[in-house]
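Written below as structure tokens is the structure these notes are about.
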Amino acid sequence: WPMRWQMIFPTNWKHRHAERRRCMDKKFWLDGACSLDAGIRLQNELTFGQATPRVTVTSIPGRSGDLHMWDGSYSNVTGTAKCYALDANEVAELLPGIAEFLCGETMGYRRLETEEEPDIYRMARVENLPETEIRAKRLAPFSVSFDCKPQKYYKSGEQSVTVANGGTLKNLTGRPALPLVKLTLTGDAKLQIGTTQIAITGYTGSMVLDCELQDAYKDGENLNQYITAPSFPTLGAGTTQISWTGGISSCAITPRWWTL
């Protein structure tokens, strides 16, 4: 009987069951690390608020009604994860790992990914750590709040695209993207991205133009003194042309597409 039972249920069936259970458990990722590895399981999917325009309201004495001014920006959104931790071992042992997973190194913005939106990621900051009681070796349910930037970034926008002189990029999101532009320079040049022209003088070698940070650099060295531009370019809705004159031997653009 024991031998027959063992033949029907191999000795590794428990391991396989655990793996199947892990695949079914709801989870999220912070900077690529899975919540399950920290002992955190989701009760249900994460929920997020909706980004709203950041509007300044001004009242003028003696005039009925208010003036509303929008600078094109949006406020952060709040995300909520309802979690619990459950383990065959003492759950108290999981608490340091849970805190380390949620805190990260700086408590700043981190990359947040969910199962429900596999094609996008958010930049989120954890606002709280679990406050709960341990009973019978189990951790009572707890909630984690995230302070998220309003953008939902498409993972497809992380792919660098080599652009030929006169080539185009098409933005299907309707939101102005702030790209990362990598150049190889052999001399002075003028780079045109859409309606924005950037003049580069007195520099040769590789250069990165980060349109979100509004900086030019190479390996951490600031190169802003070599560029002149009215502003850093954006990739607006529709098609944007990229062209240049002078000493640019290569141009690669990471578009950073996003939506709300």
Side-chain angles (χ1 to χ4, degrees), residues 17-55 73-89 91-135 137-159 171-178 212 254-260:
H17 175 74
E19 287 298 316
R20 286 195 296 269
R21 169 65 184 275
R22 179 183 172 84
C23 292
M24 294 174 61
D25 283 333
K26 295 182 182 297
K27 49 192 174 289
F28 62 94
W29 292 264
L30 283 174
D31 288 339
C34 181
S35 61
L36 293 181
D37 293 333
I40 300 175
R41 292 166 172 81
L42 288 174
Q43 297 182 51
N44 44 46
E45 66 184 56
L46 276 76
T47 58
F48 296 94
Q50 182 61 43
T52 56
R54 189 181 288 130
V55 177
S73 64
Y74 294 85
S75 298
N76 275 15
V77 301
T78 299
T80 302
K82 294 184 178 180
C83 311
Y84 68 96
L86 182 64
D87 195 88
N89 302 316
V91 174
E93 299 175 1
L94 297 178
L95 288 176
I98 289 175
E100 181 179 355
F101 171 78
L102 294 174
C103 286
E105 296 181 358
T106 64
M107 286 294 288
Y109 284 110
R110 301 166 67 191
R111 183 184 177 113
L112 172 63
E113 299 172 76
T114 67
E115 293 180 290
E116 293 72 34
E117 296 179 298
D119 298 327
I120 67 102
Y121 69 94
R122 300 172 185 264
M123 296 306 296
R125 184 180 63 84
V126 176
E127 290 190 300
N128 68 296
L129 296 178
E131 296 181 6
T132 184
E133 296 180 0
I134 299 173
R135 299 178 181 176
K137 299 184 180 180
R138 297 184 178 219
L139 192 64
F142 62 93
S143 294
V144 177
S145 296
F146 296 96
D147 179 36
C148 306
K149 290 186 178 183
Q151 301 96 327
K152 297 194 295 185
Y153 293 97
Y154 287 102
K155 293 179 182 178
S156 60
E158 297 181 287
Q159 299 174 6
N171 183 353
L172 300 176
T173 70
R175 304 291 178 181
L178 299 172
E212 183 173 17
T254 303
R256 295 169 166 168
W257 309 127
W258 62 278
T259 188
L260 291 176

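Only this structure's heavy atoms are used, side chains among them; waters, hydrogens and symmetry mates stay out.
Applying the ring pair (Phe, Tyr, Trp, His ring centres under 6.0 Å) test to F48 and every residue at least two apart in sequence or in another chain returns nothing. By the ring pair (Phe, Tyr, Trp, His ring centres under 6.0 Å) test, Y121 is found to be paired with Y153, residues two or more places apart in sequence or in another chain being considered. Looking at residues two or more places apart in sequence or on another chain, you find no ring pair (Phe, Tyr, Trp, His ring centres under 6.0 Å) involving Y109. Every residue two or more places apart in sequence or in another chain that forms a salt bridge (Lys or Arg N to Asp or Glu O under 4.0 Å) with K155 is listed here: E113. Scanning for side-chain hydrogen bond (donor to acceptor under 3.5 Å, both in side chains) contacts around R110 gives D31, with sequence neighbours left out. In this structure E45 satisfies the side-chain contact (heavy atoms from CB on, under 4.5 Å) test together with E116, sequence neighbours excluded. Looking at residues two or more places apart in sequence or on another chain, you find a side-chain hydrogen bond (donor to acceptor under 3.5 Å, both in side chains) between K152 and E117. Checked against salt bridge (Lys or Arg N to Asp or Glu O under 4.0 Å), E100 has no partners two or more places apart in sequence or in another chain. Every residue was checked against the side-chain hydrogen bond (donor to acceptor under 3.5 Å, both in side chains) condition with S75, not counting sequence neighbours, and none meets it. Taking the side-chain hydrogen bond (donor to acceptor under 3.5 Å, both in side chains) definition, one finds that E158 meets it with R111, sequence neighbours left out. By the side-chain contact (heavy atoms from CB on, under 4.5 Å) test, L260 is found to be paired with Q50, A51, Y74, P150, R175, W258, residues two or more places apart in sequence or in another chain being considered.
Annotation: side chain of V144 is not in contact with side chain of T80 (no heavy-atom distance under 4.5 Å). Residues T259 and I120 form no side-chain contact, since every pair of their non-hydrogen atoms from C-beta on lies 4.5 Å or further apart. Taking 4.5 Å as the limit, some side-chain heavy atom of L102 sits within range of a side-chain heavy atom of I40.
Residues A124 and C148 share a closest heavy-atom pair of CB-SG, 3.7 Å. Residue R256 comes nearest to A177 through the heavy atom pair O-CB, 3.7 Å, listed as atom of the first residue, atom of the second, then distance. C83 and F28 get closest at one heavy-atom pair: SG-CE2, 4.5 Å.
Q43 places no side-chain N or O within donor-acceptor distance of the main-chain N or O of Y84, the cut-off being under 3.5 Å.
For the atom pair CD1 of I98 and SG of C103, the computed distance is 11.5 Å after rounding to the nearest 0.5 Å. Between the CD atom of Q151 and the OG1 atom of T173 there is a distance of 11.0 Å, given to the nearest 0.5 Å. For the atom pair D25 CG and L42 CG, the distance stands at 9.5 Å (nearest 0.5 Å). Taken to the nearest 0.5 Å, the CG atom of D119 stands 7.5 Å off from the OG atom of S156. The CZ atom of R41 lies 13.5 Å from the NZ atom of K26; values are rounded to the nearest 0.5 Å. Here E127 contributes atom CD and D147 contributes atom CG; the two are 4.5 Å apart, rounded to the nearest 0.5 Å.
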Worked verdict on F146 versus V126 for side-chain contact (heavy atoms from CB on, under 4.5 Å): CA-CA 5 Å; F146 296 96; V126 176; 3.6 Å; yes

Y154 and L172: CA distance, side-chain angles, deciding distance, side-chain contact (heavy atoms from CB on, under 4.5 Å) verdict: CA-CA 11 Å; Y154 287 102; L172 300 176; over 6 Å; no

